[in-house]
Amino acid sequence: MKALVTGISGFVGSHMAEFLLNNNVEVTGTIRQRSRMDHIRHIKDVQLVECELRDPFSVETLIGEIKPDLIFHLAAQSFVPTSWNSPIDTIHNNVAGQVNIMEALRRFDLASKMQVACSSEEYGHVEPDEVPIRETNPLRPLSPYAVSKVAQDYLGYQYYKSYGLPIVVTRTFNHTGPRRGENFVTSNFAKQIADIEKGRKPPVIHVGNLTAKRDFTDVRDVVRAYWLALEKGKPGETYNIASGTCYTVQEVLDLLLSYSNVSISIQEDPARLRPSDVEILLGDATKFQSETGWKPEIPFEKTMRDLLQYWRDQP
């Protein structure tokens with residue numbers, strides 16, 4: 001079996017590659033000229049292809065050569081604050097890449113199963129009586145990134161209905177773990193703590209909004225969910241991937257600080273606050289669990305310990 005992983009050098013892509021290789025799947029991954037290779041340097045037996053997903057010709061050539069059985073479309077501009085600074089680039093990057101892949105599948109008449117990695121950010125503004133959030137909840141996106149993911153979500157459905165492409169959309173709630181980019185809140189806290197422990201910065205941790213509530217799942221549980229989405233999920237359907245448990249950002253910070261012996265103070269940084277923030281994202285993954293049997297297996301405490309250790313281990 002052959003799988004294509006777009007964005008293989010990223011956080012989720014690298015874990016996806018490891019999972020697939022452990023299941024004896026032949027893996028090809030897309031990278032770009034400026035891709036950082038740190039996350040996949042240790043991974044052997046992966047074919048890496050330089051491909052600009054926004055270029056239709058490059059994508060068509062890639063799909064025609066590989067003819068993958070499975071596609072895990074993970075490549076995206078995925079950092080919400082960046083989407084405020086570069087809204088059109090975020091939307092173009094995320095939408096064009098997916099359309100080019102689907103168009104290539106259509107032209108070659110391939111029956112490749114495709115998973116589209118969308119996001120709980122699509123739900124955006126959520127009323128108190130709408131929690132936990134089900135797939136039927138209205139989409140009220142609150143950032144350009146979220147809008148781009150709504151577009152990806154609906155395009156997946158449209159290409160399934162219009163052309164019969166076997167596409168499964170996953171709306172994943174917050175996920176974290178080793179290799180998470182330092183821009184993301186859990187990883188940013190862990191890196192700051194590790195840097196303080198190494199004496200690289202003063203014992204002050206800089207924070208943004210600590211009241212936001214998030215549903216965190218370990219990335220290693222998430223990539224297993226993506227596999228099951230294509231193995232047991234139904235094409236044309238959308239599935240929440242979530243733990244069903246909520247933590248405030250303050251609780252996440254407190255947990256990480258509890259793993260350190262250094263005395264660290266907390267300071268709010270206005271630059272870390274967003275123009276608008278989603279107050280609560282708590283997911284209901286009942287639909288996905290009932291159809292695939294998936295459930296998270298890694299405790300949040302282990303996820304946070306592993307994440308902090310990852311940053312401690314960085315040179």
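Please read these numbers as outputs of a predicted model, since none were measured by experiment.
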**Charged N-O contact under 4.0 Å between D306 and R220** = yes
So which atom in [X] and which in [Y] form the shortest heavy-atom distance, rounded to 0.1 Å?
X    : Y    : answer
F11  : G177 : CE1-O, 3.7 Å
S260 : E197 : OG-OE2, 2.8 Å
A242 : T217 : C-OG1, 3.6 Å
M1   : W227 : SD-CH2, 4.3 Å
K201 : Q192 : NZ-OE1, 3.4 Å
A75  : G7   : CB-N, 3.6 Å

Only residue of E103, Q98, R106 satisfying side chain to side chain donor-acceptor pair (under 3.5 Å) with Y159 is E103
[X]: what forms a side chain to side chain donor-acceptor pair (under 3.5 Å) with it, not counting sequence neighbours?
X    : result
Q309 : D313
N100 : none
S83  : none

field: Donor-acceptor under 3.5 Å (N23 side chain, F19 main chain)
entry: yes
request  = Show the numbers, then the answer: is there a side chain to side chain contact (heavy atoms under 4.5 Å, CB included) between L105 and I63?
outcome  = CA-CA 7 Å; L105 292 175; I63 298 293; 4.0 Å; yes
Taken in chain and number order and not counting sequence neighbours, the residues that satisfy side-chain contact (heavy atoms from CB on, under 4.5 Å) with S35 are S9, I31, R32, M37
K213 meets the side-chain contact (heavy atoms from CB on, under 4.5 Å) criterion, sequence neighbours left out, with C246, T248, I280
Would you list the pairs meeting salt bridge (Lys or Arg N to Asp or Glu O under 4.0 Å) in which at least one residue belongs to [range], sequence neighbours left out?
range            : answer
residues 256-268 : none
residues 143-152 : none
residues 221-238 : D221-R224, R224-E297, E237-K287
residues 77-100  : R54-D89

*asked:* side-chain hydrogen bond (donor to acceptor under 3.5 Å, both in side chains) for S143 and W84? Distances and angles first, verdict last.
replied: CA-CA 7 Å; S143 68; W84 291 106; 5.3 Å; no
Applying ring pair (Phe, Tyr, Trp, His ring centres under 6.0 Å) to W294 and not counting sequence neighbours gives F288
Taken in chain and number order and not counting sequence neighbours, the residues that satisfy ring pair (Phe, Tyr, Trp, His ring centres under 6.0 Å) with F216 are F300
TODO: Take E18 and H42, measure what side-chain hydrogen bond (donor to acceptor under 3.5 Å, both in side chains) needs, and give me the verdict at the end.
DONE: CA-CA 10 Å; E18 288 175 330; H42 67 287; 2.6 Å; yes
If you draw a 6.0 Å radius around [atom1] in [X], do more than 12 non-hydrogen atoms from other residues or ligands fall strictly inside?
X    : atom1 : answer
Y259 : OH    : yes
D269 : CG    : yes
K198 : NZ    : yes

Nearest 0.5 Å please: distance from the [atom1] atom of [X] over to the [atom2] atom of [Y].
X    : Y    : atom1 : atom2 : answer
L142 : L139 : CG    : CG    : 11.5 Å
Y157 : I167 : OH    : CD1   : 12.5 Å
L253 : Y247 : CG    : OH    : 14.5 Å
C51  : E60  : SG    : CD    : 11.0 Å

- Task: Begin with the C-alpha distance, continue with both residues' side-chain angles, and end with the deciding distance and a verdict on side-chain hydrogen bond (donor to acceptor under 3.5 Å, both in side chains) for Y123 and R171.
- Result: CA-CA 9 Å; Y123 294 115; R171 290 179 189 153; 3.0 Å; yes
Does a donor on one side chain and an acceptor on the other come within less than 3.5 Å for [X] and [Y]?
X    : Y    : value
N209 : R272 : no
E182 : S187 : no
T292 : Y239 : no
T211 : Q250 : no

> Are V95 and V150 connected, step by step, through hydrophobic side chains (Ile, Leu, Val, Met, Phe, Trp, Tyr) whose heavy atoms are closer than 4.5 Å?
Replying inline: no
The single option from D218, L20, V223, V222 that satisfies side-chain contact (heavy atoms from CB on, under 4.5 Å) with H15 is V223
Solution key, residues 64-74 side-chain donor-acceptor pairs under 3.5 Å, sequence neighbours excluded:
{"unit_1": "K67", "atom_1": "NZ", "unit_2": "G64", "atom_2": "O", "d": "2.6"}
{"unit_1": "D69", "atom_1": "OD2", "unit_2": "K2", "atom_2": "N", "d": "2.7"}
{"unit_1": "H73", "atom_1": "ND1", "unit_2": "T6", "atom_2": "OG1", "d": "2.9"}

List the steps, then state whether ring pair (Phe, Tyr, Trp, His ring centres under 6.0 Å) holds for F184 with F79. CA-CA 8 Å; F184 295 85; F79 189 46; 5.2 Å; yes
| request: Let me see the working for R179 and S14 under side-chain hydrogen bond (donor to acceptor under 3.5 Å, both in side chains), right down to the final yes or no. | output: CA-CA 9 Å; R179 303 180 208 146; S14 62; 3.0 Å; yes
- [ ] Report the C-alpha distance between K302 and R305 in whole Å, list the side-chain angles of each, state the deciding distance to 0.1 Å, and finish with yes or no for side chain to side chain contact (heavy atoms under 4.5 Å, CB included).
- [x] CA-CA 5 Å; K302 174 174 170 52; R305 281 188 184 276; 5.5 Å; no
